[in-house]
J.: 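The following block contains the structure, expressed as structure tokens.
Lettering of chains follows the sequences in order, A, B, ..., and the numbering in each one begins at 1.
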Protein chains: 2
Amino acid sequence: MFNKETEYTLRGLVYIQLQNIKNRRPGTAEIAREIDAPPFYTAKILQRLVRQGFLASIKGKGGGFYFDGDKPDLPLITLIQATEGDRSFSGCGFGLKNCDANNPCPLHDKYAPIRDSMNKLGSGETIQSLAKKVYKQELKKLKNAK
Amino acid sequence: MFNKETEYTLRGLVYIQLQNIKNRRPGTAEIAREIDAPPFYTAKILQRLVRQGFLASIKGKGGGFYFDGDKPDLPLITLIQATEGDRSFSGCGFGLKNCDANNPCPLHDKYAPIRDSMNKLGSGETIQSLAKKVYKQELKKLKNAK
DNA sequence: TTAATAAAAGACAAAAAGATCCTTTAGTGT
DNA sequence: ACACTAAAGGATCTTTTTGTCTTTTATTAA
């Protein structure tokens with residue numbers, strides 16, 4: 001589906017936001033471990049995300065990564081387009097440059113609706129909405145364990 | 001969406017089948033030119049498809065590529081899985097190994113239906129069905145040009 | 001103010017994808 | 001039989017993706 005970098009990005013940011021909810025600021029080592037990603041590569045990706053302004057960080061003891069609560073929620077489509085371009089959200093299954101309703105490739109009619117669904121998914125969901133889902137799932141599990 | 005090799009494969013095979021309908025057997029140079037793909041790379045891909053039994057070829061003068069009419073139509077999903085694996089048809093948006101309805105990643109609920117649509121598309125359409133679409137489109141264009 | 005901590009930066013390396021080229025083999029037509 | 005044609009095979013190269021490692025910089029706590 002997505003490439004590795006995008007997968008690590010999604011998993012990493014959702015993990016960070018989940019910890020933020022719990023008033024924690026995880027660091028690279030913890031994040032990489034928890035999301036099952038290569039540590040140095042994870043660090044590099046997070047670095048880039050901070051540079052791009054998607055994420056904030058603090059250096060030194062007690063440091064780590066967090067989301068600026070004043071910023072609006074981060075839609076997946078924004079994030080993914082910044083990471084791997086928009087190959088998942090636009091473009092033609094056949095790889096044609098000018099494929100549209102007027103000049104459709106033979107896959108267009110069937111594929112266009114799927115692409116539209118992807119776009120809806122990418123615009124509708126945010127890192128924060130996903131983290132909230134995970135958080136609620138965790139609460140439910142705790143409850144059931146009692 | 002798909003990777004380059006898959007795109008060239010789809011475009012190439014549909015072109016071959018379209019020419020077959022017209023009782024022609026195109027060669028590598030013609031195919032590459034018509035589908036706008038790198039000639040040597042196209043040759044290599046077609047070679048592999050022949051080895052895998054998806055396609056037939058004839059060497060020497062008057063040679064080229066064609067589909068064995070006795071074989072059943074070739075579903076896109078079969079072809080694509082043989083080319084790039086099934087990253088487009090299965091697997092989780094988050095990259096988790098055991099993501100399913102019981103143990104869902106936070107994208108699962110929204111992404112699973114999209115993946116299902118992709119599967120339906122891949123099983124429903126074949127190289128032959130796509131070529132037929134293009135053929136009909138061509139006929140319509142000719143008619144309108146009159 | 002010093003030692004410890006953790007992110008930032010950037011060089012480097014390995015693997016995979018994408019692409020090219022040359023030689024060989026098989027078949028065709030004269 | 002011979003020259004020609006076109007696919008098959010395989011070696012090589014480039015670019016992109018993925019991943020590692022070392023050094024530097026900023027911050028904090030003792």
J.: side-chain contact (heavy atoms from CB on, under 4.5 Å) between A/T83 and A/I45: does it pass, once the steps are laid out?
T.: CA-CA 9 Å; A/T83 301; A/I45 290 169; over 6 Å; no
J.: For B/T28 and D/dA7, is the shortest distance between a side-chain N/O and OP1 or OP2 below 4.0 Å?
T.: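 Looking at the OP1 and OP2 atoms of D/dA7, one of them is under 4.0 Å from a side-chain N or O of B/T28.
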J.: Please tell me if A/S57 has a side-chain N or O lying less than 4.0 Å from either OP1 or OP2 of C/dA6.
T.: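 Indeed not, no polar side-chain atom of A/S57 lies that close.
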J.: Return the nearest nucleotide to the side chain of B/P39; candidates are C/dA7, C/dT20, D/dA8.
T.: C/dT20
J.: Indicate whether OP1 or OP2 belonging to D/dA6 is found under 4.0 Å from a side-chain N or O atom of B/R25.
T.: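 Checking D/dA6 against B/R25, no side-chain N or O comes under 4.0 Å of OP1 or OP2.
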J.: NA contact type, B/I58, heavy-atom cut-off 4.0 Å: base, sugar-phosphate, or nothing?
T.: sugar-phosphate
J.: Let me know the distance between CG of B/L49 and P of D/dG9, rounded to the nearest Å.
T.: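 Going from B/L49 (CG) to D/dG9 (P), I get 13 Å.
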J.: D/dT18, OP1 or OP2 - any side-chain N/O from A/Y8 closer than 4.0 Å?
T.: no
J.: Will you find, in the side chains of A/S88 and A/E84, an N or O donor that is under 3.5 Å from an N or O acceptor?
T.: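 There is such a pair (donor and acceptor under 3.5 Å, judged by atom type) between the side chains of A/S88 and A/E84.
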J.: In terms of the angle between their ring planes, are A/F89 and A/F2 parallel, tilted or perpendicular, with boundaries placed at 30° and 60°?
T.: tilted
J.: Remaining members of A/Y66's ILVMFWY cluster at a side-chain heavy-atom cut-off under 4.5 Å?
T.: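 A/I58, all in the cluster of A/Y66.
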J.: Provide, to the nearest angstrom, the distance between the CZ atom belonging to A/F40 and the C1' atom belonging to C/dG10.
T.: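 From A/F40 CZ to C/dG10 C1': 14 Å.
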J.: So which nucleotide from C/dG18, D/dT5, C/dA8 ends up closest to the side chain of B/K61?
T.: D/dT5
J.: Can you tell me the distance, in whole Å, between the OH atom of A/Y41 and the P atom of D/dT17?
T.: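 A/Y41 atom OH is separated from D/dT17 atom P by 9 Å.
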J.: What about A/Q47, does its side chain sit under 3.5 Å from the base of C/dA7 through a donor-acceptor pair?
T.: no
J.: By nearest nucleotide on DNA chain C, pick out whichever of A/K44 and A/V50 is the more 5' one.
T.: A/V50
J.: Does B/R51 place a side-chain N or O at less than 4.0 Å from the phosphate oxygens OP1/OP2 of D/dG9?
T.: yes
